[in-house]
Amino acid sequence: MKRTTTAAVLAGAFSLGGIPWVAQSGSAEVDLYGQVHAGLNHFSYEDASDVTQFTDQGRTRLGVAGRQLLDGDWAAIGQLEWAVGPHLGEDNLSRRISYVGVDGPYGEVVVGTVHAAYKTLGGVRWDPLVTTELQQRRTGGMSGGSFGHNDFVDRAVQYVSPELAGWQLHAQIGTEDDNQDRTDDGDADPAMRQGDVILGADYTGLPDWQFIAAVMHLDEPFTDVDDVDDGDTNWKVGARWSPDDFSLAYQYESVEIIRGPAGTGRIDNLVDDASNRVDGDGDDALFTDSVDHHALIGTYEQGRNTWVVAFGHADADGDDEDVTSVTGALVHRPHADFRVYAGVQHQSFDDMIGAINDDGDDYLTTYAIGARYDFGATF
């Protein structure tokens with residue numbers, strides 16, 4: 001009932017705003033949607049003070065997507081999406097997705113800001129705890145940040161092929177060139193540039209199996225990045241087996257691009273205030289060299305419950321910078337659009353990744369509970 005009522009109200013609002021085609025879609029289809037998430041987390045450090053904090057990890061969002069049929073089998077497509085956080089006392093509204101393009105029998109081509117294929121092939125799609133403090137990215141199992149598993153490719157061209165014999169191909173390329181060095185100066189532009197490319201493949205041609213591979217290559221690596229020899233290529237492979245109510249996924253990732261803006265070489269909740277590590281703003285939780293990430297995620301569906309067990313490991317080339325995490329959680333869905341979760345994640349750190357001057361935390365245990373509601377309407 002609420003979804004229908006929301007749809008009617010929004011349709012009326014858009015009509016009054018001079019856009020009557022939203023309510024009178026005809027051959028067009030418009031989706032209005034949103035997600036609201038809040039998690040209460042308790043961070044227990046070895047040496048630093050415990051911290052209790054509400055977060056949403058960027059999960060809360062609002063968006064609109066449209067599809068207009070054209071001649072033949074072609075359609076015009078577009079999407080706008082914003083991140084919001086007023087329910088946690090924030091007043092920000094920031095863009096996540098913005099693109100326009102066409103979809104047809106030979107695939108999809110769009111221009112704008114989209115999810116990086118490197119992120120969405122396997123990766124975050126295989127982690128049922130993504131955008132919670134129990135997730136795999138930035139806790140050891142997967143890279144985060146720009147050019148990792150938080151990435152949106154900006155001002156890029158994307159092509160996604162139709163599925164053929166179980167295969168689907170993804171390509172994203174940069175087009176702009178400002179003829180400037182790519183530096184990490186605090187205002188560096190994470191947009192894809194001319195010569196940058198992301199390529200990926202997804203294979204689902206075997207029963208119960210999915211295989212993925214992706215590579216991200218920068219035409220020019222970042223320079224002036226805190227005496228770190230930043231590379232130009234990240235790549236990964238993975239497989240997921242999901243018979244009936246059980247699933248098991250493994251992803252291996254080789255990361256060289258570690259210090260771009262919001263770089264991939266970061267571990268959450270380890271910052272430079274030793275007395276209250278979550279709320280600081282420092283650089284002590286960054287890897288100093290290339291990293292290999294391993295993520296192993298198992299799930300079991302039991303009615304409306306999903307049991308999750310995950311293991312993550314960051315094998316860092318830098319001395320004493322390895323990170324290992326073990327996670328267990330329960331996700332309960334009383335409705336397809338609403339879920340609650342509870343779980344715990346234990347992380348162990350080598351001396352240098354957890355270090356602050358001569359002190360350091362060898363472990364962090366995170367206890368988390370939270371809820372998420374997805375809503376929307378189609379016209």
Side-chain angles (χ1 to χ4, degrees), residues 10 13-14 17 30-39 41 53-66 77-101 110-120 123-125 127 129-133 135 137-139 142-158 172 174-176 178 182 184-193 196 198 216 222 257 259-266 268-269 271 278-283 370-376:
L10 289 172
F14 273 85
V30 175
D31 293 316
L32 298 174
Y33 64 91
Q35 297 176 354
V36 181
H37 167 248
N41 312 281
Q53 187 178 76
F54 267 110
T55 66
D56 83 345
Q57 278 281 358
R59 181 82 245 182
T60 301
R61 61 200 63 171
L62 290 170
V64 56
I77 57 176
Q79 184 177 357
L80 297 168
E81 184 177 289
W82 299 268
V84 296
H87 61 298
L88 296 182
E90 302 173 7
D91 58 3
N92 63 305
L93 181 69
S94 59
R95 184 203 61 189
R96 287 172 49 87
I97 297 173
S98 174
Y99 69 78
V100 62
V110 302
V111 179
T113 300
V114 294
H115 289 289
Y118 185 91
K119 172 176 69 174
T120 57
V124 298
R125 297 284 172 85
D127 185 0
L129 301 173
V130 68
T131 62
T132 75
E133 300 293 346
Q135 65 184 349
R137 63 183 178 185
R138 304 194 310 273
T139 61
M142 300 179 193
S143 65
S146 296
F147 312 107
H149 284 88
N150 287 95
D151 196 28
F152 294 85
V153 292
D154 193 10
R155 299 194 289 277
V157 178
Q158 170 180 278
Q172 296 167 328
T175 58
E176 296 190 346
D178 61 5
R182 200 171 209 155
D184 184 17
D185 60 3
D187 297 315
D189 187 353
M192 293 189 75
R193 294 188 181 181
D196 297 349
I198 300 174
M216 175 180 294
F222 284 90
I257 310 167
R259 290 293 183 89
T264 60
R266 176 165 65 94
D268 274 358
N269 305 319
V271 288
V278 172
D279 286 333
D281 184 20
D283 296 332
R372 170 180 150 189
Y373 174 45
D374 301 353
F375 56 93

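Bear in mind that the values here come from a model prediction, so they are computed numbers and not experimental data.
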**OP:** Could you walk me through whether Val64 and Val30 pass the side chain to side chain contact (heavy atoms under 4.5 Å, CB included) test, one step at a time?
**Re:** CA-CA 7 Å; Val64 56; Val30 175; 3.8 Å; yes
Subject >> By side-chain hydrogen bond (donor to acceptor under 3.5 Å, both in side chains) - contacts of Glu133 (at least two apart) >> reply: Thr55, Gln57, Asn269
Subject >> side-chain hydrogen bond (donor to acceptor under 3.5 Å, both in side chains) against Thr120, all qualifying residues, sequence neighbours excluded >> reply: none
Original post:
If every non-hydrogen atom of Gln79 is compared with every non-hydrogen atom of Ala65, which pair is closest and at what distance?
Top reply: CG-CB, 4.0 Å
Original post:
Looking at side-chain heavy atoms only, is the closest gap between Val130 and Arg125 below 4.5 Å?
Top reply: no
Subject >> Minimal non-hydrogen separation, Gly148 against Tyr118, with atom names >> reply: O-CD2, 4.1 Å
Original post:
Would a 4.5 Å heavy-atom cut-off, applied to side chains only, mark Phe152 and Ile97 as touching?
Top reply: yes
Original post:
Judged by atom type as modelled, is there a donor-acceptor pair below 3.5 Å linking the side chain of His149 to the main-chain atoms of Gly144?
Top reply: no
**OP:** Just jot down the side-chain hydrogen bond (donor to acceptor under 3.5 Å, both in side chains) partners of Gln35, sequence neighbours excluded, or say none.
**Re:** Arg59
Original post:
How would you list, by chain and number, every residue that makes a side-chain hydrogen bond (donor to acceptor under 3.5 Å, both in side chains) with Asp56, sequence neighbours excluded?
Top reply: Thr60
**OP:** Tell me whether the guanidinium CZ or amine NZ of Lys119 lies under 6.0 angstrom from the six-membered ring centre of Phe147 and within 45° of its axis.
**Re:** no
**OP:** State, with a plain yes or no, whether a side-chain heavy atom of Asn150 is found less than 4.5 Å away from one of His115.
**Re:** no
Subject >> Heavy-atom donor-acceptor pair, Asn41 side chain to Gln53 backbone, under 3.5 Å >> reply: yes
Original post:
CG of Leu80 to CG of Leu62: how many Å apart, nearest 0.5 Å?
Top reply: 12.0 Å
Subject >> Backbone N/O of Val153 and side chain of Gln158: donor-acceptor pair under 3.5 Å >> reply: no
Subject >> Heavy-atom side-chain proximity of Asp127 to Val124 below 4.5 angstrom >> reply: no
**OP:** For Arg95, enumerate each residue passing the salt bridge (charged side-chain N to carboxylate O under 4.0 Å, His left out) test, keeping only those at least two apart in sequence or located in another chain.
**Re:** Asp154
Subject >> Straight-line distance of Arg155 CZ to Ser98 OG, nearest 0.5 Å >> reply: 11.5 Å
Original post:
Counting only N and O atoms by type, is there a donor-acceptor contact under 3.5 Å from the side chain of Gln172 to the main-chain atoms of Ala156?
Top reply: no
Original post:
Would you call Arg193-Glu176 a salt bridge at under 4.0 Å N-O?
Top reply: no
Original post:
Hey, what do you get for CD1 (Ile77) to OH (Tyr99), rounding to the nearest 0.5 Å?
Top reply: 5.0 Å
**OP:** For residues His37 and Tyr373, establish whether the separation of their ring centroids is below 6.0 Å.
**Re:** no
**OP:** Using the test salt bridge (charged side-chain N to carboxylate O under 4.0 Å, His left out), find all partners of Arg372 that sit at least two apart in sequence or belong to another chain.
**Re:** Asp374
